[in-house]
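Inspection log for the structure reproduced underneath, given as structure tokens.
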Amino acid sequence: MAGSTHIVTNQAPPLVGYDVFTADRALVEAVERHVAPELLGEALDELSGLGRTCGSLQVQEWGVLANENPPRLRTHDRYGHRIDEVDFHPAWHRLLGKGVSAGLTAAWTRPGGHVRRAAGFLMWTQVEAGNGCPLSMTHAAVPALRTDPALAAEWEPRLTSTVYDRGLRPAQLKAGALFGMGMTEKQGGSDVRAGTTSARPLAQEGTYELTGHKWFCSAPMSDGFLVLAQAPGGLTCFLVPRVLQDGSRNVFLIQRLKDKLGNRSNASAEVEFDGTWARRVGEEGRGVRTIIGMVAATRLDCVLGSAGLMRQAVAQAVHHCTYREAFGGKLIDKPLMRNVLADLAIESEAATTLALRLAAAYDDGGEQERALLRIAVPAAKYWVTKRCAPVAVEAAECLGGNGYVEESGMPRLVRESPLNSIWEGAGNVQALDVLRALQREPRALDAYLREVGAARGADHRLDAAIKNLLTELADLEGIEARARRLVERLALVLQGALLVRYAPPEVADAFCASRLGGDGGAAFGTLPHTLDLASVVERARPVS
């Protein structure tokens, strides 16, 4: 028949038109576990609504457009006036507006807000990860601002607003505001105390003039920024508004936008301060202590973002293999492919379960939960973000050649996958932060051991892993050189304990066998063949 070669068969349909939330059983169960019963119905309805938005064809197309049309820097207007603005594609603004209206910056203002927001952020990352940066920065600025009650009273209602009010205008005239952050400098990087940006006090109490250069400034079109600079009393945190109260532009010179591997939709900039007006946040000389609340919250968002990317990669792989036929049957029914998919699904579920548990600790706010976060956040940030890239690459391989083609969406996931491991403190920074917590804050280790101890006796491999971890913690010789190994074990044991307590037996069994018991290889798809892998894969299927 003429034209018969153009009949398309044996291709998976697009994964669109579904509820991203209800299709993710691990995420739904985590929300049900951590949200109070009186709030649960409302939370589930809200998240299902966002899930349908995330799964819609239109919103997914916005994500594609925002990445195909990256931001452009305009330093001057047509008349030669310095304006330092970044232009974004309309799809970026539509996405950011949806994210703000969904409450992804409003966790601090409602009961159960952190778990609800965490679930939403995990889903929203699957649509388009770049706009997660301003959403995360804005959300995370709140604890830093709360060190100054007057600043918090002024700015917190704007940051937690569900109105996306774009455009550079005085913040007091806007229905909502976004925040960015500038900590690192070219000579120091993660060593923020090596920064040379200077802060000169002005006549008005608490106001300063900043001079210096920031190597990475997140979300440069935001309404305000938290930055670090050297004041007379030492390294200090400052709030830099983009537009001053009289309507004039603050001195905020954007030197260039970073040309990044992924995260193409989002603008990351180098900026210069030259007599820039700023307000002090917290006390002079306590800049790191002041801004650390923001850093901790953004690090949790790195965990959530990586969990979201992993979930989308697994969903795409399972969806493809559900429809694709090869060698006489569906790929999903082939024992070896089933092993790969199950292995990926276990990694994804472990990340989601851990991330939502940490969000619940923020909602609780008690002393023990705060102590748990002190170790668990950097340990999770270290491990979960590092697992994201191999998961994304293996999931793309499940699609074969199709997974290497831009139209599949998998290359964007692959390019995005290393980001959360690098930003907000790379792996060594996280590992050393865990060591500091272990050495200086004994309550943190006690809270961690209580958490994993709740699962003792349920799985012999987990029990053995806890025992081995305690032996490793007791040995201080060469501790810094062993930090990565130790933090990896801390994260894996915590994930195993949570899965043993909360996940279906087949998921917990597979995790403990492969990640804790050593019955698995270095590559995905090396789980023991005796496990119930079909049930694990079925649980991960995005659309039934």
Side-chain angles (χ1 to χ4, degrees), residues 8-32 44-64 98 102 119-129 307-326 329-334 337-353 356 391-392 394-400 402-403 405 407-413 503-504 506-507 524 532-544:
V8 178
T9 60
N10 198 25
Q11 291 283 352
L15 181 54
V16 296
Y18 75 111
D19 184 340
V20 173
F21 177 65
T22 58
D24 188 345
R25 299 182 195 179
L27 184 59
V28 172
E29 290 170 14
V31 171
E32 291 174 339
L44 293 175
D45 289 344
E46 173 189 292
L47 291 168
S48 180
L50 180 59
R52 291 191 296 274
T53 297
C54 292
S56 71
L57 176 61
Q58 181 184 60
V59 170
Q60 291 190 22
E61 287 179 343
W62 290 349
V64 173
K98 287 281 188 183
F121 192 84
L122 192 151
M123 288 191 289
W124 198 240
T125 299
Q126 299 179 55
V127 175
E128 203 292 297
L309 292 171
M310 281 193 267
R311 169 57 191 169
Q312 182 58 205
V314 171
Q316 292 288 349
V318 173
H319 178 74
H320 174 85
C321 293
T322 298
Y323 290 90
R324 185 76 164 178
E325 293 187 4
K330 302 286 188 184
L331 282 178
I332 200 168
D333 295 326
K334 301 296 182 182
M337 179 58 82
R338 183 187 296 151
N339 198 314
V340 173
L341 295 174
D343 215 350
L344 292 171
I346 290 163
E347 197 69 47
S348 172
E349 179 155 350
T352 295
T353 301
L356 270 288
V391 166
E394 190 71 53
E397 187 176 328
C398 291
L399 276 67
N402 290 330
V405 175
E407 289 174 319
S408 72
M410 300 304 285
R412 177 149 61 96
L413 293 178
E506 62 270 16
V507 173
F524 288 106
D532 184 3
L533 302 183
S535 294
V536 174
V537 175
E538 180 59 31
R539 178 173 169 80
R541 191 194 299 265
V543 180
S544 54

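Only this structure's heavy atoms are used, side chains among them; waters, hydrogens and symmetry mates stay out.
- Defined by atom type and a distance below 3.5 Å, a donor-acceptor pair is missing between the side-chain atoms of Asn402 and Ser408.
- Of all the heavy atoms in Gln312 and Leu15, the pair that sits closest is OE1-CD2, 4.5 Å.
- Of all the heavy atoms in Val391 and Val314, the pair that sits closest is CG1-CG2, 4.3 Å.
- A donor-acceptor pair under 3.5 Å is formed between the side chain of Ser56 and the backbone N or O of Thr53.
- Phe524 has its side chain out of reach of Ile346: every pair of non-hydrogen atoms, C-beta onward, lies at least 4.5 Å apart.
- The side-chain contact (heavy atoms from CB on, under 4.5 Å) test with Arg338 singles out one residue from Leu331, Asp333, Val536, Ile332, and that residue is Asp333.
- Ser348 places no side-chain N or O within 3.5 Å of a backbone atom of Leu344 that could act as its donor or acceptor partner.
- Within the 4.5 Å cutoff, the side chain of Val340 has no heavy atoms near those of the Glu397 side chain.
- Side-chain contact between Val127 and Val20 is absent, with no heavy atoms from C-beta onward closer than 4.5 Å.
- Surrounding CD of Gln11 are more than 12 heavy atoms belonging to other residues, nucleotides or ligands, all under 6.0 Å away.
- At least one donor-acceptor pair closer than 3.5 Å links the side chain of His319 to the backbone N or O of Pro13.
- We find that Arg539 and Glu506 are not joined by a salt bridge, their nearest charged nitrogen and carboxylate oxygen being 4.0 Å or further apart.
- No side-chain donor-acceptor contact under 3.5 Å links Arg52 to the backbone of Tyr18.
- Inter-residue side-chain proximity for Pro542 and Arg311 is flagged as met; some heavy-atom pair is nearer than 4.5 Å.
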